[in-house]
Amino acid sequence: MNSTPAMTVKDAQALLDGNFAEWVRALDLTVTEFSAKAAVLHMPLAPHLARVGGIVSGQALAALADTAMVLAAVAHAGEMRMFATTDLHTQFLRPGVGSAILCRAEVVRAGKALVFARAEMHEETSGKLISTATATFYAP
């Protein structure tokens, strides 16, 4: 068992800010929850994320989900590890509108080399489910 203290929300935010690509950081993501059980990210909706019709683009939602699931995998591992996305499946259920999207991600199963995760994205104010995602990550 890992005897080091659990990573905190502040640690997760620093990991996000210091290690993810600039275009991911441009999503203005904030880690609001971070534990071995789940990671929750907040993404404010802004004009640079909108597609025609004023709804959040699918690419932004997929990036949000992938990022949240990677952080959930790190939280589950209990330490900073590198994870490579090998599969990402996103279902867009309704238009993403409102002020922000909350994404909750959790690890479904973790083996020695592969981690399976899922995420749900809800509009912050209404709580409506906007999108779901699943992913597989390789941990070298």
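Computation of the quantities below employed the complete heavy-atom set of this structure, encompassing side-chain atoms and omitting hydrogens, waters and symmetry-equivalent molecules.
Using a distance-only test at 3.5 Å, with no hydrogens or angles considered, a donor-acceptor pair links the side chain of Asp11 to the main chain of Thr8. Side chain of Thr86 to backbone of Thr136: a donor-acceptor contact under 3.5 angstrom is found. At distances below 3.5 Å, at least one donor-acceptor pair connects side-chain atoms of Ser131 with backbone N or O atoms of Gln91. With hydrogens and angles disregarded, a donor-acceptor distance shorter than 3.5 Å links the side chain of Asn19 to the backbone of Leu15. With hydrogens and angles ignored, the 3.5 Å screen pairs a side-chain donor or acceptor of Gln13 with a backbone N or O of Leu29. A donor-acceptor pair is defined here as one N or O able to donate and one able to accept, closer than 3.5 Å; no such pair exists between the side chain of Arg104 and the backbone of Met121. Between the Ser35 side chain and the Lys37 main chain, a donor and an acceptor come within less than 3.5 Å of each other.
Across every non-hydrogen atom of Lys112 and Arg81, the tightest pair is O-NH2, 4.2 Å. Residues Ala73 and Val115 come closest through the heavy atom pair CB-CG1, 4.0 Å. Counting all heavy atoms, side chain and backbone alike, Ala100 lies closest to Pro44 at CB-CA, 3.8 Å. Minimum interatomic distance between Ala72 and Val107 (heavy atoms only, all atoms of both residues): O-CG2, 3.6 Å. The two residues Ala60 and Leu49 come nearest to each other via the heavy atoms CB-CD2, 4.1 Å. Closest heavy-atom contact between Ile55 and Pro95: CG2-CB, 3.6 Å.
Distance check, rounded to the nearest 0.5 Å: NE2 of His42 to CD of Glu33 gives 12.5 Å. Taken from NE2 in His76 to CZ in Phe83, the straight-line distance is 9.5 Å, to the nearest 0.5 Å. In this structure, CG in Asp66 is found 5.5 Å from CG in Leu88, a value given to the nearest 0.5 Å. Interatomic distance, Ile130 CD1 to Phe92 CZ, rounded to the nearest 0.5 Å: 11.5 Å. Glu79 CD to Met7 CE: the interatomic distance, rounded to the nearest 0.5 Å, is 9.5 Å. How far CG of Leu27 is from CG of Leu41: 9.5 Å, rounded to the nearest 0.5 Å.
Side-chain contacts under 4.5 Å among hydrophobic residues (ILVMFWY), followed directly or transitively, place Leu93 together with Leu129.
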| Please walk me through it: do Glu124 and His122 pass side chain to side chain donor-acceptor pair (under 3.5 Å)? | CA-CA 6 Å; Glu124 181 179 41; His122 295 262; over 6 Å; no

| request: Decide side chain to side chain contact (heavy atoms under 4.5 Å, CB included) for Met69 and Cys103; before the verdict, give the C-alpha distance in whole Å, the side-chain angles of both, and the deciding distance to 0.1 Å. | output: CA-CA 9 Å; Met69 289 186 284; Cys103 180; over 6 Å; no

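Heavy-atom contacts from other residues, nucleotides or ligands closer than 6.0 Å to CE of Met82 number 12 or fewer.
Under the 4.5 Å side-chain heavy-atom criterion for grouping Ile, Leu, Val, Met, Phe, Trp and Tyr, Leu114 is not connected to Leu71 through any hydrophobic cluster. Criterion: ILVMFWY side-chain heavy atoms under 4.5 Å apart, direct or through other members. Under it, Val108 and Phe137 are not part of a common hydrophobic cluster. Residues Leu45 and Leu64 are members of one and the same hydrophobic cluster, defined by side-chain heavy-atom contacts under 4.5 angstrom among Ile, Leu, Val, Met, Phe, Trp and Tyr. If you chain together hydrophobic residues whose side chains sit under 4.5 Å apart, Val40 and Phe20 never meet in one group.
Evaluation of the side-chain contact (heavy atoms from CB on, under 4.5 Å) rule for Ala12 yields Val31, Phe34 as partners, not counting sequence neighbours.
Partner Met43 forms a side chain to side chain contact (heavy atoms under 4.5 Å, CB included) with one of Thr67, Val56, Leu102 and no other, that one being Val56.
The closest side-chain heavy-atom distance from Phe116 to Thr134 is not below 4.5 Å.
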